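This report concerns only the one structure given below.
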Amino acid sequence: MTSEAITVLGLGNLGRALAQTFLRGGHSTTVWNRSAAKASELLANGASSAGTAAEAVAASELVVVAVLDHQAAQQVLRGVDVRGRALVNLTSGTPDEARELAEWAAENGAEYLHGAVYAVPQTFGTAESSIIYSGSAAVHERWQKQLALLGKVTFLGVDAGRASGYDVAILSGMYGLIGGFLHAAALARAGGIKATELTPMMLSWLTDLQPALVTFAEEIDSEKYGTEESSLAMNQSGLATLIRATEAQGVPFAALDSLKALVDQQVAEGHGALSLARAVESFSVVSPRFARS
């Protein structure tokens, strides 16, 4: 084992891209996957294949995990000697799952850093790739150069769950946007409009909305929702009209009904003259750990 050797556990699309990037960066790279066939291209490019996850972990001080989900990560690491290792887990999961693995790593003599990837495999190692991390500051500091091979590095602090906290919020916004786009395309098709004709106009409008989202974020953080522009009452009326229109075209969308229910609650509580951003207060706080005092 050398200090610059790197192990990658998991060879799905993400894991293979990670290993290829480390190889291009000149690092001795050991790989492991339940299905060994996925390692063939990497082996041709100079990687070493381990027969077991334990052998792979033993080969390197830095171990990068990229498997299907939290349960798979647990199964791969369970029973493996991780003492003295820097575990960097790029597997998607919840904040509490990241904290759980961080606690397990500490109990077993390892340092743990959790990451969330914002890239597609072909962009690794370019300016278009970025990964946010949280957890062990020592791992971030010691291995920053190697991690930077994958893309822009942003360290969010020592709470191992913080990167996942960002990730689930960002992905929720992403899927909300995709859901909205798909519904818009269905509405357009119902009206005889091609999605390719609609999309440029939609992108232009969404770009124009960026300042409004920045304002909403400031209102949410300050909990000051006074506005003379986009009030809850105004949007309540707009949503009602939109819902009627979508139903009339035979393309209803439950997400619109859910959003209107949030707005309706705020208006019913007497906040109709305040900003639409105040609808965030209608979401219940799931984890008391992060509830406002």
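Sequential numbering from 1 along the given sequence is applied to the chain's residues. All values reported here derive from a predicted model rather than from experimental measurement.
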* Given side-chain contact (heavy atoms from CB on, under 4.5 Å), test Met174 with Leu171 step by step and report yes or no. => CA-CA 5 Å; Met174 180 195 76; Leu171 291 178; 4.0 Å; yes

Hphob cluster co-occupancy, [X] + [Y], side-chain heavy atoms under 4.5 angstrom:
X: Leu14; Y: Val120; value: no
X: Phe216; Y: Val263; value: yes
X: Phe155; Y: Leu149; value: yes
X: Leu209; Y: Tyr175; value: yes
X: Tyr118; Y: Leu147; value: no

Search all heavy atoms of [X] against all heavy atoms of [Y] and return the closest pair with its distance.
X: Val67; Y: Gly10; answer: CG1-CA, 4.0 Å
X: Val80; Y: Ala54; answer: CG1-CA, 3.9 Å
X: Trp143; Y: Ala86; answer: NE1-CB, 3.6 Å
X: Trp32; Y: Leu11; answer: O-CG, 4.0 Å
X: Ala163; Y: Ile132; answer: O-CD1, 3.6 Å
X: Val31; Y: Ala39; answer: CG2-CB, 4.0 Å

I'd like a table of donor-acceptor pairs (distance under 3.5 Å, sequence neighbours excluded) in which one partner is a side-chain atom from residues 190-205, with atom names and distances.
residue	atom	partner	partner atom	Å
Glu197	OE1	Lys194	N	3.2
Thr199	OG1	Ala195	O	2.7

Would you check if [X] and [Y] make a side-chain contact, meaning some heavy-atom pair closer than 4.5 Å?
X: Gln74; Y: Glu97; answer: no
X: Leu177; Y: Leu206; answer: yes
X: Leu42; Y: Thr29; answer: no
X: Leu9; Y: Leu77; answer: yes
X: Asp257; Y: Ile243; answer: yes
X: Leu274; Y: Gln266; answer: no
X: Leu18; Y: Leu90; answer: yes
X: His140; Y: Val153; answer: yes

* **Val76 vs Val65, side-chain contact (heavy atoms from CB on, under 4.5 Å): CA-CA, chis, key distance, verdict** => CA-CA 9 Å; Val76 167; Val65 183; 5.6 Å; no

Should we count [atom1] of [X] as having more than 12 external heavy atoms under 6.0 Å?
X: Arg34; atom1: CZ; answer: yes
X: Lys260; atom1: NZ; answer: yes
X: Gln265; atom1: CD; answer: yes
X: Arg162; atom1: CZ; answer: no

Check: [X] side chain, [Y] main-chain N or O, donor-acceptor pair, under 3.5 Å:
X: Ser136; Y: Leu113; result: no
X: Ser129; Y: Gly125; result: no
X: Ser237; Y: Met234; result: no
X: Glu281; Y: Arg278; result: no
X: Arg85; Y: Val57; result: yes
X: Thr30; Y: Ala56; result: no
X: Asn235; Y: Gly238; result: no
X: Thr123; Y: Thr126; result: no

* Asked: Any ring-ring contact (aromatic ring centres under 6.0 Å, His included) pairs touching residues 69-114, not counting sequence neighbours?
  ->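 Only Tyr112-His114 qualify under ring-ring contact (aromatic ring centres under 6.0 Å, His included).
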
Is it true that [Y] and [X] share a donor-acceptor pair across their side chains at a distance under 3.5 Å?
X: Thr227; Y: Ser275; answer: no
X: Gln146; Y: Glu4; answer: yes
X: Gln75; Y: Gln71; answer: no

* Asked: For the residue pair Phe22 and His27, does the interplanar ring angle fall in the parallel (under 30°), tilted (30 to 60°) or perpendicular (over 60°) class?
  ->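 Correct class here is perpendicular.
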
* Aromatic ring proximity, centroids under 6.0 angstrom, Phe253 and His183 ->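 Here the rings of Phe253 and His183 have centres that are less than 6.0 Å from each other.
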
Give, for atom [atom1] of [X] and atom [atom2] of [Y], the distance between the pair rounded to the nearest 0.5 Å.
X: Leu262; Y: Gln236; atom1: CG; atom2: CD; answer: 12.0 Å
X: Ile220; Y: Thr215; atom1: CD1; atom2: OG1; answer: 11.0 Å
X: Leu156; Y: Tyr133; atom1: CG; atom2: OH; answer: 11.0 Å
X: Gln122; Y: Gln20; atom1: CD; atom2: CD; answer: 13.0 Å
X: Thr21; Y: Leu150; atom1: OG1; atom2: CG; answer: 6.0 Å
X: Glu247; Y: Leu242; atom1: CD; atom2: CG; answer: 10.0 Å

* Can you list the residues that meet the side-chain contact (heavy atoms from CB on, under 4.5 Å) rule with Asp221, with sequence neighbours excluded? ->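 Scan of Asp221 (side-chain contact (heavy atoms from CB on, under 4.5 Å), adjacent residues dropped) gives none.
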
* Asked: Salt-bridged, Arg99 to Asp96, with N to O below 4.0 Å?
  ->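 Result for this pair is yes, salt bridge flagged.
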
* To do: Show your working on side-chain contact (heavy atoms from CB on, under 4.5 Å) between Phe124 and Ile131 and close with a plain yes or no.
  => CA-CA 10 Å; Phe124 277 114; Ile131 305 179; 4.2 Å; yes

